[in-house]
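To start, the structure under review is shown below, and the notes come after it.
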There are 2 protein chains.
Amino acid sequence: MSFSITEENYIKAIFHLQQGDENVSTNELAAELHTKAASVTDMLKKLKAKKLLSYERYKGVRLSAEGKKLALGIVRKHRLWEFFLVDTLQFGWDEVHDVAEELEHISSKKLVEKLDAFLGHPKFDPHGDPIPDSHGKMAVQQHINLIDLALNKIAEVSGVGSQSTELLELLKHKHIGIGTKLEVKRKFSFDHSIEIKIKNQNAFTISQQLAQALFVKTV
Amino acid sequence: MSFSITEENYIKAIFHLQQGDENVSTNELAAELHTKAASVTDMLKKLKAKKLLSYERYKGVRLSAEGKKLALGIVRKHRLWEFFLVDTLQFGWDEVHDVAEELEHISSKKLVEKLDAFLGHPKFDPHGDPIPDSHGKMAVQQHINLIDLALNKIAEVSGVGSQSTELLELLKHKHIGIGTKLEVKRKFSFDHSIEIKIKNQNAFTISQQLAQALFVKTV
DNA sequence: AATTAAATTTAGACAAATCTAAAAATAATA
DNA sequence: TATTATTTTTAGATTTGTCTAAATTTAATT
Ligand SMILES: [Mn+2]
Ligand SMILES: [Mn+2]
Ligand SMILES: [Mn+2]
Ligand SMILES: [Mn+2]
């Protein structure tokens, strides 16, 4: 069976919203997709008929195994294309989301596999999010917020909490990116700023807001 | 202004059909787009309203300057993506058309320019068709059919008349591709087969059908 | 020139995806 | 529990692109 771009966007949105264990509500979906609740209801009936999800009126929605598989395929394409755009074509990470939002709907199965191979089977996208493999499996990132990292433990930046241009600008200026190794030397309770040190550089402090936007894993 | 995938496909189809000087007819378009004449009429009215073409009922259609510019942009994307698929991702040239048919509608202007630069600003796609540059200009190929090439003139394969798997299979077997240099040694009137010679190889004959499917330019 | 044939356009209907406004169900609060 | 407030669904329209069947125009033949 094949699905329209609209249907695929709904499936992906549900996938991202159902990370908890509660069902996804009509209003949540409407907000995520910048559409109206009435439109969501219409589409949910359609996607239920296609067996991509379980849905009963007034009770929210959850993807079926089928739906989850479809969602993972779309997420795989989205993140592979993001990797391509940044790694191969030198886009900034704040520029790639909207383009990938289109590219993720290109249907060729062969294209995805060839692209994956060309890129060297990357495990994470430019924002540190895991890329599902061709079977839908992806690395489970147990990264923690930088604000919670213990003192003097060397850790590697593995993800960001936002993909905004503003964050990218700041990170560029401080020479921090995915993969940067650092350790926390002090935490200041006055403003919750923290002092970090990157190898071969002098220690410097970063704001609470920035620390909360960074995820790290210990190495 | 932005255009739907359907509108873009119409514009591109008209562009390809209007190479002569006559207007493009409704039926020609319907055949090209695998749709019905009535649908074409509806769409032509819409595209006329958007000033992409001139159209009067019963008189056929022709692209405006606007329309031509749009068409060249789509053709540029189509051929750049085909080049990418063959050159970077190692697709066979018979596999790329349908994928490029989708990729040509990705809207990001920046993506096209970065892709073009990454590929090294190629001038021709894998089938020997010229790739328009960012201003819509493209090399005017004055290649001739191999069947019409004079004896003992060294020429370079510059295009194919078909993109079928069958042709590709045959050309692979004979080690002929775009860029191959060859000369015609004899022409046989019995079956119109021709004997060709590729540098450092023994001469061999190819059929009339194959010769007619190959375009060359003298070097 | 009259007739037939072919091409093209209109008329009317349909499916997909969306919207607004009103109704119905559920949740929250007094 | 009764009353509000919120969420969700239905009802009815709208837009885009498509189709079939019938009407119209143009082209080709007698
Ligand atoms: Mn999308
Ligand atoms: Mn991402
Ligand atoms: Mn297309
Ligand atoms: Mn081509």
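Given the structure is predicted, the values throughout are model-derived calculations rather than measurements. Order of the sequence lines fixes the chain letters, A, B, ..., with proteins taken first and strands second; residue numbering starts at 1 for each chain.
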Measure the CD-NZ distance between E82(A) and K77(A) for me, rounded to the nearest 0.5 Å. 14.0 Å

What does the B/S/- profile of nucleotides 5-15 of chain D look like, 5' to 3', with a 4.0 Å heavy-atom cutoff to protein? --SBBB-----

K36(A) NZ to dT18(C) C1', straight-line distance once rounded to whole Å: 10 Å

Nearest heavy-atom pair of E66(B) and K51(B): which atoms, and what distance? CB-O, 3.7 Å

Do any side-chain nitrogens or oxygens of S39(A) fall under 4.0 Å of OP1 or OP2 in dC19(C)? yes

Please give, in whole Å, the distance from dT9(C) P to M43(B) CE? 14 Å

Please report the C-alpha distance between H97(B) and H127(B) in whole Å, then the side-chain angles of each, then the deciding distance to 0.1 Å, and finally whether the ring pair (Phe, Tyr, Trp, His ring centres under 6.0 Å) criterion is met. CA-CA 10 Å; H97(B) 187 80; H127(B) 312 106; 7.3 Å; no

What residues from residues 2-14 of chain A pass a heavy-atom cutoff of under 4.0 Å to DNA chain D? none

Evaluate the side-chain proximity of L72(B) to M138(B): yes if any heavy-atom separation is below 4.5 Å, no if none is. yes

How about CD on E169(B), more than 12 heavy atoms from neighbouring residues, nucleotides or ligands closer than 6.0 Å, or not? no

Verify the distance criterion only: is there a donor paired with an acceptor across the side chains of N27(B) and S25(B) at less than 3.5 Å? no

As an exercise, state the distance from CZ of F3(A) to NZ of K50(A), rounded to the nearest 0.5 Å. 6.0 Å

If we count only N and O atoms by modelled type, under 3.5 Å, do the side chains of E156(A) and T180(A) hold a donor and an acceptor together? no

In whole angstroms, the gap separating C1' of dA27(C) from CD of E22(A) amounts to 16 Å

